[in-house]
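When a residue number appears, it is its place in the shown sequence, counting from 1. Bear in mind the structure is a predicted one, so any value in this text is a computation, not a measurement.
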Amino acid sequence: MHWIKREVRNLQEQYHTSDPFELADYLEYILVPFPFRKIRGMLLVFEGTTFIGYNNTLPYREQKLVIYHEIAHRRLHPSLNYFMVLENLRSICISKYERQVDRFMAELLLCEQKPEPGESIYEFARRYDVPVKLVETLVPYWLTKNRHYR
């Protein structure tokens, strides 16, 4: 998944930010806050315009994660038009696309950060205030790069 890391680095170098609201603005994506009842976020491309709907009743941190998620789908899977994540489907089988999006988000949020010696992935995730599932996407990379990490 080195291509995902390259995509993240290109995005950061071009726009000098990792903030999802700023990235959406630079990318000319239209953010649509809405108090959805079951939807966390959605991506719609209509006549060349990208819309990201996000549930504005979620805590701010989660709103940012939803926007990151939809930006990742648009950047990684531009030929796929529409994604919707329902609240009750979060734990169901994760597709290849969702794993790629999680890796994109981990690269964007954590950059080159790594756990301290002896620090668990749970402690590391808590330290950077990111979901553990994002950190888990980086563990295989850390293990191949730094065999002493366990």
Side-chain angles (χ1 to χ4, degrees), residues 1-27 29 31 33 36 38-45 50-150:
M1 287 201 211
H2 293 299
W3 64 278
I4 293 174
K5 186 174 190 142
R6 249 188 334 270
E7 179 66 27
V8 169
R9 295 301 166 261
N10 290 341
L11 197 61
Q12 290 175 321
E13 287 173 12
Q14 185 172 0
Y15 299 112
H16 306 287
T17 186
S18 293
D19 180 85
F21 292 95
E22 289 178 15
L23 283 173
D25 188 46
Y26 284 127
L27 295 167
Y29 297 169
L31 295 178
F36 296 112
K38 293 187 177 184
I39 297 172
R40 296 172 54 78
M42 60 186 285
L43 172 67
L44 175 66
V45 180
T50 301
F51 297 89
I52 295 176
Y54 65 97
N55 188 331
N56 64 350
T57 65
L58 295 171
Y60 182 70
R61 176 184 164 274
E62 288 185 45
Q63 290 178 37
K64 288 174 66 170
L65 290 173
V66 168
I67 294 167
Y68 278 128
H69 184 94
E70 302 306 340
I71 289 172
H73 272 304
R74 184 68 176 127
R75 300 294 292 195
L76 299 178
H77 315 120
S79 63
L80 299 176
N81 184 19
Y82 180 79
F83 292 90
M84 183 169 33
V85 180
L86 299 178
E87 189 71 40
N88 60 348
L89 294 179
R90 283 174 65 183
S91 62
I92 291 180
C93 180
I94 298 174
S95 73
K96 172 177 106 173
Y97 296 125
E98 295 302 312
R99 286 191 303 276
Q100 291 171 348
V101 164
D102 286 345
R103 177 65 186 267
F104 182 97
M105 291 172 61
E107 292 286 352
L108 188 63
L109 292 167
L110 297 170
C111 298
E112 298 295 321
Q113 301 302 325
K114 293 186 178 125
E116 299 294 327
E119 183 177 36
S120 74
I121 63 171
Y122 303 100
E123 294 164 330
F124 179 77
R126 190 174 26 247
R127 181 162 50 106
Y128 286 97
D129 196 25
V130 298
V132 172
K133 75 175 188 163
L134 297 184
V135 175
E136 289 172 339
T137 69
L138 296 173
V139 170
Y141 174 76
W142 292 334
L143 292 175
T144 59
K145 291 290 186 182
N146 300 310
R147 296 201 183 275
H148 66 274
Y149 174 77
R150 290 238 182 241

Check: For Tyr15, does the OH atom have more than 12 heavy-atom neighbours from other residues, nucleotides or ligands under 6.0 Å away?
Finding: yes
Notebook entry, point to check: Which heavy-atom pair separates Thr137 from Leu134 by the least distance, and what is that distance?
Noted result: OG1-O, 2.6 Å
Notebook entry, point to check: For Gly41 and Val66, which heavy atoms make the closest approach, and how far apart are they?
Noted result: CA-CG1, 3.5 Å
Checklist line | Residues Lys114 and Glu119 bridged, charged N to O under 4.0 Å | finding: no
Next item on the list: Would you please test Glu116 and Glu123 for side chain to side chain contact (heavy atoms under 4.5 Å, CB included) and show each step?
Entry: CA-CA 10 Å; Glu116 299 294 327; Glu123 294 164 330; over 6 Å; no
Margin query: I want to check something: taking the side chain as every heavy atom from C-beta on, are His16 and Glu22 in contact at a cut-off of under 4.5 Å?
Written below: no
Checklist line | Approximate separation, where rounding is to 0.5 Å, of Leu76 CG and Met105 CE | finding: 11.0 Å
Notebook entry, point to check: Would you say the side chains of Glu70 and Tyr54 form a donor-acceptor pair under 3.5 Å?
Noted result: no
Check: Roughly how far, to the nearest 0.5 Å, is the CG atom of Leu27 from the CD atom of Gln14?
Finding: 7.5 Å
Notebook entry, point to check: By side-chain hydrogen bond (donor to acceptor under 3.5 Å, both in side chains), which residues pair with Thr50, not counting sequence neighbours?
Noted result: Arg74
Margin query: Checking side-chain polar atoms at under 3.5 Å, does Arg103 have a donor or acceptor matched by the opposite partner on Gln100?
Written below: no
Next item on the list: Could you tell me whether the side chain of His69 reaches within less than 4.5 Å of the side chain of Leu43, counting heavy atoms only?
Entry: no
Next item on the list: Using a 4.5 Å cut-off on heavy atoms from C-beta on, say whether the side chain of Cys111 contacts that of Gln12.
Entry: yes
Note to self: Let me confirm one number: the OH-CD1 distance from Tyr68 to Ile52, rounded to the nearest 0.5 Å.
What the structure shows: 12.0 Å
Check: If you take all heavy atoms of Gln63 and Asn55, which pair is closest and at what distance?
Finding: CG-O, 3.5 Å
Notebook entry, point to check: Is there side-chain contact between Leu138 and Ile121, with heavy atoms separated by less than 4.5 Å?
Noted result: no
Notebook entry, point to check: Would you call the rings of Tyr128 and Phe124 parallel, tilted or perpendicular, where under 30° means parallel and over 60° means perpendicular?
Noted result: tilted
Item checked: Side-chain heavy-atom pair Ile71, Leu108 within 4.5 angstrom cut-off -> no
Next item on the list: Give the C-alpha distance, both sets of side-chain angles, the deciding distance and a yes or no for salt bridge (Lys or Arg N to Asp or Glu O under 4.0 Å) between Glu136 and Arg99.
Entry: CA-CA 10 Å; Glu136 289 172 339; Arg99 286 191 303 276; over 6 Å; no
Check: Is any side-chain heavy atom of Ile67 less than 4.5 Å from a side-chain heavy atom of Leu23?
Finding: no
Note to self: With heavy-atom distances below 4.5 Å as the criterion, would you say the side chains of Val8 and Phe104 are in contact?
What the structure shows: yes
Next item on the list: Using a strict cut-off of less than 4.0 Å between a Lys/Arg side-chain nitrogen and an Asp/Glu carboxylate oxygen, indicate whether Arg6 and Glu107 qualify as a salt bridge.
Entry: no
Notebook entry, point to check: Between Tyr60 and Phe21, how do the two ring planes meet: parallel, tilted or perpendicular, split at 30° and 60°?
Noted result: parallel
